[in-house]
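Report on one structure; see the data block that follows.
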Amino acid sequence: MQKMKVSNLIYNLLGNSFSVILTSEESAVQLSDQISFGLRGKNVQLLSVCTEDQLRLRLNIDKKFLDITIDEYLKIKSDGFEEIFFLDNESYALEIEDPELLFKLGMVKTEYISLHNKKDRVYATLDRDNLLKSISEYVLIFKDQT
């Protein structure tokens, strides 16, 4: 898969919105969300956006920082972990292999992460229209990072 390029980026502080279109010769994906919001009792804010060689975001969840890079993969990095989601159609997904995480996924109601089976494997897919909320929900529920 070819590297994704940022084709369009909108960062609207007054309207509290963020939208980006990433394209390659093979695919395109549009991602969007609010810049600042509350989720599960935590304050979440998009602090910075960089588009030099790939899309890079810095997200703050109650004074904990996440560094996110997005191209053909979506990588979430924090002090305590690193997780890599792959591009699946028009959003990003993660194959869930860890039995503890599978159990947690079955027990916890998620608002922005959807689960699906494909070829006897379980995948967690991020909501592309609520990308930052999906990432925050994943971190807050499954990585216990705040």
Side-chain angles (χ1 to χ4, degrees), residues 1-24 27-116 121-146:
M1 177 176 253
Q2 288 190 346
K3 199 160 186 85
M4 303 288 278
K5 295 180 183 176
V6 175
S7 294
N8 190 13
L9 172 67
I10 299 170
Y11 185 95
N12 182 351
L13 186 59
L14 291 175
N16 192 29
S17 65
F18 162 79
S19 179
V20 64
I21 297 175
L22 301 168
T23 59
S24 73
S27 64
V29 62
Q30 180 174 357
L31 309 167
S32 61
D33 206 341
Q34 294 176 312
I35 295 170
S36 181
F37 54 90
L39 183 70
R40 296 184 177 266
K42 306 288 184 181
N43 293 317
V44 182
Q45 185 173 16
L46 178 60
L47 298 178
S48 65
V49 178
C50 176
T51 61
E52 187 175 316
D53 57 347
Q54 61 189 354
L55 182 63
R56 291 188 235 177
L57 309 173
R58 178 156 256 214
L59 199 62
N60 177 337
I61 304 175
D62 274 356
K63 299 181 183 165
K64 299 272 184 174
F65 298 99
L66 299 177
D67 291 311
I68 302 160
T69 55
I70 304 173
D71 50 28
E72 67 269 23
Y73 296 97
L74 184 147
K75 186 189 309 182
I76 305 168
K77 189 174 183 180
S78 181
D79 290 338
F81 74 96
E82 181 175 297
E83 201 72 79
I84 300 175
F85 290 71
F86 65 92
L87 184 60
D88 183 31
N89 293 322
E90 294 184 352
S91 192
Y92 290 89
L94 174 70
E95 182 179 351
I96 308 297
E97 297 175 338
D98 180 8
E100 282 185 42
L101 188 53
L102 277 170
F103 178 75
K104 213 175 209 185
L105 280 167
M107 299 300 290
V108 175
K109 180 177 175 6
T110 59
E111 191 172 344
Y112 301 103
I113 301 169
S114 62
L115 300 177
H116 63 279
R121 296 176 189 260
V122 177
Y123 297 90
T125 302
L126 302 177
D127 180 347
R128 68 186 182 109
D129 295 325
N130 292 288
L131 181 69
L132 302 178
K133 290 181 192 83
S134 297
I135 292 169
S136 300
E137 184 174 61
Y138 180 81
V139 170
L140 289 171
I141 294 174
F142 304 113
K143 294 301 181 181
D144 299 322
Q145 288 294 303
T146 60

Given the rule in the side-chain contact (heavy atoms from CB on, under 4.5 Å) test, do Leu131 and Ile70 qualify, once you have shown the distances and angles that lead to the verdict? CA-CA 11 Å; Leu131 181 69; Ile70 304 173; 3.9 Å; yes
Side chains of residues 7-15: which donor-acceptor partners sit under 3.5 Å, not counting sequence neighbours?
unit_1	atom_1	unit_2	atom_2	d
Ser7	OG	Thr23	OG1	2.6
Asn12	OD1	Leu14	N	3.3
Asn12	OD1	Gly15	N	2.8

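- Side-chain N or O atoms of Asn60 include none that pairs as donor or acceptor with a backbone N or O of Leu47 at under 3.5 Å.
- Annotation: the span from Ser17 atom OG to Gln34 atom CD amounts to 8.5 Å, rounded to 0.5 Å.
- The shortest non-hydrogen separation linking Asp71 to Met4 is C-CG, 3.3 Å.
- The minimum heavy-atom distance linking Ile135 with Ile76 is given by the pair CG2-CD1, 3.7 Å.
- Checked by atom type and distance alone, the side chain of Asn43 never pairs as donor or acceptor with a backbone atom of Asp62 at under 3.5 Å.
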Could you walk me through whether Val139 and Leu66 pass the side-chain contact (heavy atoms from CB on, under 4.5 Å) check? CA-CA 9 Å; Val139 170; Leu66 299 177; 3.7 Å; yes
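- Of all heavy-atom pairs spanning Thr125 and Ala93, the tightest one is OG1-CB, 3.6 Å.
- With rounding to the nearest 0.5 Å, the separation of CG in Leu74 from OG in Ser134 is 10.0 Å.
- Across all non-hydrogen atoms, the minimal contact from Glu95 to Arg121 is OE2-NH1, 2.6 Å.
- The closest donor-acceptor contact from the side chain of Ser24 to the backbone of Ser27 lies under 3.5 Å.
- Distance check: Tyr123 OH to Leu115 CG gives 13.0 Å after rounding to the nearest 0.5 Å.
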Just list the side-chain donor-acceptor pairs under 3.5 Å for residues 106-114, sequence neighbours left out, or say none.
unit_1	atom_1	unit_2	atom_2	d
Thr110	OG1	Ile113	O	2.7

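- To the nearest 0.5 Å, the span separating CD1 on Ile96 from CZ on Phe142 amounts to 7.5 Å.
- Closest approach of Lys104 to Ile141, counting heavy atoms only: NZ-O, 3.1 Å.
- Ring planes of Tyr138 and Phe85: perpendicular class, angle over 60° (limits at 30 and 60°).
- Scanning both residues, Gln30 and Ser19, for their nearest heavy atoms gives NE2-OG, 3.2 Å.
- Atom CG of residue Asp127 and atom CG of residue Leu132 lie 11.0 Å apart, to the nearest 0.5 angstrom.
- Enclosure of atom CD in Glu100 is not indicated, since only 12 or fewer non-hydrogen atoms of other residues, nucleotides or ligands lie within 6.0 angstrom.
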Go through the steps to decide whether Phe18 and Leu46 satisfy the test side-chain contact (heavy atoms from CB on, under 4.5 Å), and finish with yes or no. CA-CA 9 Å; Phe18 162 79; Leu46 178 60; 3.8 Å; yes
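- Atom NZ of Lys77 is separated from atom CD1 of Ile68 by 13.0 Å, given to the nearest 0.5 angstrom.
- Using a 4.5 Å cut-off on side-chain heavy atoms (C-beta onward), Tyr92 and Val29 make contact.
- Checked options Arg58, Lys75, Arg56; the residue passing with Asp67 is Arg58 (criterion: side-chain hydrogen bond (donor to acceptor under 3.5 Å, both in side chains)).
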Before you tell me yes or no, could you show the steps for Leu22 and Val6 under side-chain contact (heavy atoms from CB on, under 4.5 Å), namely the whole-Å CA-CA distance, both residues' side-chain angles and the distance that decides it to 0.1 Å? CA-CA 5 Å; Leu22 301 168; Val6 175; 3.6 Å; yes
